[in-house]
There are 2 protein chains.
Amino acid sequence: MDGYDKYAHEPFAVTVDLAVFTLRDAALHVLLVERGQEPYAGRWALPGGFVQPDESAETAARRELAEETGLSDVSGLHLEQLRTYSEPGRDPRMRVVSVAFAALLPDAPEAHGGSDAADARWVPHGTAGPLAFDHDRILADAHDRVGAKFEYTCLATAFCPPEFTLGELQQVYETVWGTELDRPNFRRKVLATPGFVEAVPGAARLTGGRGKPAALYRAGTATALHPPLLRPTREGRPA
Amino acid sequence: MDGYDKYAHEPFAVTVDLAVFTLRDAALHVLLVERGQEPYAGRWALPGGFVQPDESAETAARRELAEETGLSDVSGLHLEQLRTYSEPGRDPRMRVVSVAFAALLPDAPEAHGGSDAADARWVPHGTAGPLAFDHDRILADAHDRVGAKFEYTCLATAFCPPEFTLGELQQVYETVWGTELDRPNFRRKVLATPGFVEAVPGAARLTGGRGKPAALYRAGTATALHPPLLRPTREGRPA
DNA sequence: CCCTTTTATAGTCAGTACGACTATAAAAGG
DNA sequence: CCTTTTATAGTCGTACTGACTATAAAAGGG
């Protein structure tokens with residue numbers, strides 16, 4: 001890193017791209033914007049924008065998160081840097097290096113209410129055709145990362161409202177992983193992990209529809225899962 | 001990402017920084033360069049450099065890896081993107097966004113043999129005082145990441161020569177984690193994981209010094225570890 | 001109002017994995 | 001020859017997990 005002046009260094013534009021997930025009707029949704037101009041006009045793209053001169057990528061990402069979701073307070077939301085995408089041809093107009101982030105929301109208020117008219121929309125995951133730029137790749141990487149972190153962290157509660165049932169928490173896992181889990185075993189595991197969830201003391205209950213009311217829980221203070229909660233082995237057919 | 005021309009976007013310099021690890025005499029070593037000029041003159045720093053206009057960060061990182069280690073072929077080495085550091089004040093001279101990488105080498109040829117005189121040196125981990133810029137943070141993050149990946153991947157063999165004993169592999173784990181492992185249990189776990197290591201058929205053996213000769217193994221084809229090989233629980237004192 | 005359906009919760013049981021430990025084998029050093 | 005050192009084999013009890021059965025408490029339909 002010596003001798004900056006000895007090297008010719010081209011200027012790069014630095015942006016952030018956000019893969020923002022939420023759960024709606026037990027289906028994974030992603031926040032997307034429709035592009036109005038070339039390149040990729042008419043295609044869906046991940047929300048994002050330029051990092052300003054006085055911002056870190058994290059600051060820019062949280063600012064974009066607030067702008068695109070229309071939420072007034074995004075300070076408590078889970079936002080995590082994924083990785084940086086820097087292939088020379090990824091934006092045909094100029095040399096853009098993009099720091100990608102993943103964000104998780106509990107509920108899904110319709111997005112484009114913001115005064116700045118960020119016309120972002122919640123789109124069911126997988127239904128938005130090929131995205132602009134390399135955003136399909138970014139989105140897939142984000143989904144992989146979130147799924148992997150579910151195994152050894154308590155991240156799943158970031159999709160849940162402040163109070164939730166164990167059935168809802170299990171739904172979160174099943175939706176993100178795309179698998180089904182055994183309900184008694186899931187209960188046992190979650191309750192056996194200290195700090196994952198804590199029972200709402202008022203023995204409060206919630207009626208979602210048919211069956212017996214379920215006890216309510218809040219997210220606990222733990223962040224890691226020891227031992228991990230592994231998804232069902234996908235070694236069903238080994239080669 | 002619409003409307004590039006509506007935003008004022010300052011140019012950024014984009015660099016890569018490398019945390020290159022190797023094992024020497026059962027001690028973790030890091031490749032560092034001594035800074036010759038301000039800022040941080042005389043301090044150690046991670047090797048790195050600017051991303052060229054026609055390069056991705058990954059390409060730049062592998063090029064720097066070859067330059068700084070002096071190795072002619074770095075194509076087989078493990079090189080992995082860590083994350084991007086973009087705090088506005090991290091370089092006092094200019095706005096620099098740095099994509100950090102971690103690399104693992106089996107053996108440690110003394111580095112600065114390269115014709116380009118990259119004067120990088122192998123320094124025992126933890127002995128190089130405070131590093132320049134935010135490189136202490138980057139190095140710590142890299143070490144954390146490598147240690148964490150040891151739990152659920154076969155990455156540890158990246159530190160080993162083509163043929164190695166189980167004792168040497170255990171040394172790798174113990175050095176990176178800073179803990180001691182039970183030898184029989186470690187054997188059982190490694191050998192029970194299909195594809196982690198494969199025995200060298202010639203019943204070959206190696207004498208390191210005193211005791212009974214050990215069987216030789218090669219790295220297998222597996223990359224993941226299911227179930228993971230967790231390090232001894234550091235919950236010795238819970239709060 | 002009873003009976004079925006649905007969901008929540010409790011509990012059982014066997015197989016696996018793992019930590020702690022003991023025992024044997026094969027080399028080097030004195 | 002005996003001790004030390006390292007490699008390898010095996011044992012035992014516990015914790016965790018997958019698969020499963022059973023009971024409780026609600027809604028809905030006849």
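Sequence lines set the chain letters: A, B, ... in the order given, protein chains first and strands last, and positions in each chain run from 1. Since this is a predicted model, take the numbers as computed values, not measurements.
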Let me have the donor-acceptor pairs involving side chains of residues 188-200 of chain A, under 3.5 Å, with sequence neighbours excluded, atom names and distances please.
from	atom 1	to	atom 2	distance (Å)
A/R188	NH2	A/N185	OD1	2.5
A/K189	NZ	A/P227	O	2.9
A/T193	OG1	A/K189	O	3.0

Measure the distance from CZ on A/F186 to P on C/dT7 and round it to the nearest whole Å.
17 Å

B/F186: which residues meet the ring-ring contact (aromatic ring centres under 6.0 Å, His included) condition with it, sequence neighbours left out?
B/Y173

Under 3.5 Å between N/O atoms: give me all the protein pairs with nucleotides 3-5 of chain C, atom names plus distance.
none

Between B/Q170 (CD) and D/dT8 (P), how many Å, whole number?
11 Å

Sequence-distant partners of A/S56, side chain to side chain contact (heavy atoms under 4.5 Å, CB included), two or more places apart
A/E58, A/T59, B/S86, B/E87, B/P88

Please determine, for the side chain of A/K212, which listed nucleotide (C/dA26, D/dA9, C/dT7) has the closest atom?
C/dT7

Nearest-Å distance for atom pair CG/P, residues A/L166 and C/dT9
6 Å

Could you list the residues that satisfy ring-ring contact (aromatic ring centres under 6.0 Å, His included) with B/H125, not counting sequence neighbours?
B/H143

For B/R218, which residues count as a side-chain hydrogen bond (donor to acceptor under 3.5 Å, both in side chains) partner, sequence neighbours excluded?
B/E163

Reading 5' to 3' through nucleotides 12-17 of chain D, protein heavy-atom contacts under 4.0 Å coded B for base, S for sugar-phosphate only, - for none:
-----B

Mapping A/R187 and B/P184 onto DNA chain C by nearest heavy atom, which one lands closer to the 5' end?
A/R187

Just to verify, what does B/T223 make a side chain to side chain contact (heavy atoms under 4.5 Å, CB included) with, not counting sequence neighbours?
none

Applying side-chain hydrogen bond (donor to acceptor under 3.5 Å, both in side chains), name anything that partners B/T157, two or more places apart in sequence or on another chain.
none

Give the table of side-chain donor-acceptor pairs shorter than 3.5 Å for residues 71-79 of chain A, with sequence neighbours excluded, one pair per line with atom names and distance.
from	atom 1	to	atom 2	distance (Å)
A/D73	OD1	A/S75	N	3.0
A/D73	OD1	A/S75	OG	2.7
A/H78	NE2	A/E80	OE1	2.8

Kindly write out the residues that satisfy side chain to side chain contact (heavy atoms under 4.5 Å, CB included) with A/P162, not counting sequence neighbours, or none if the list is empty.
none

Can you measure B/L225 atom CG to C/dA17 atom P for me and round it to whole angstrom units?
12 Å

What stems show up for DNA chain C when you take Watson-Crick pairs (N1-N3 plus N6-O4 or O6-N4) and G-U wobbles (N1-O2, O6-N3), both under 3.5 Å, and require three or more consecutive pairs?
C:1-30 with D:1-30

Atom pair distance, as rounded to whole Å: CD in A/E174 and P in C/dT7:
12 Å

Does A/E34 come within less than 4.0 Å of A/R43, counting only side-chain N to carboxylate O?
no

Rounded to whole Å, the CG-C1' distance (A/L169 to C/dT7) equals 16 Å

Nearest whole Å is fine: how far is C/dT7 C1' from A/D182 CG?
14 Å

Are the charged groups of B/D141 and B/R137 less than 4.0 angstrom apart, N to O?
yes

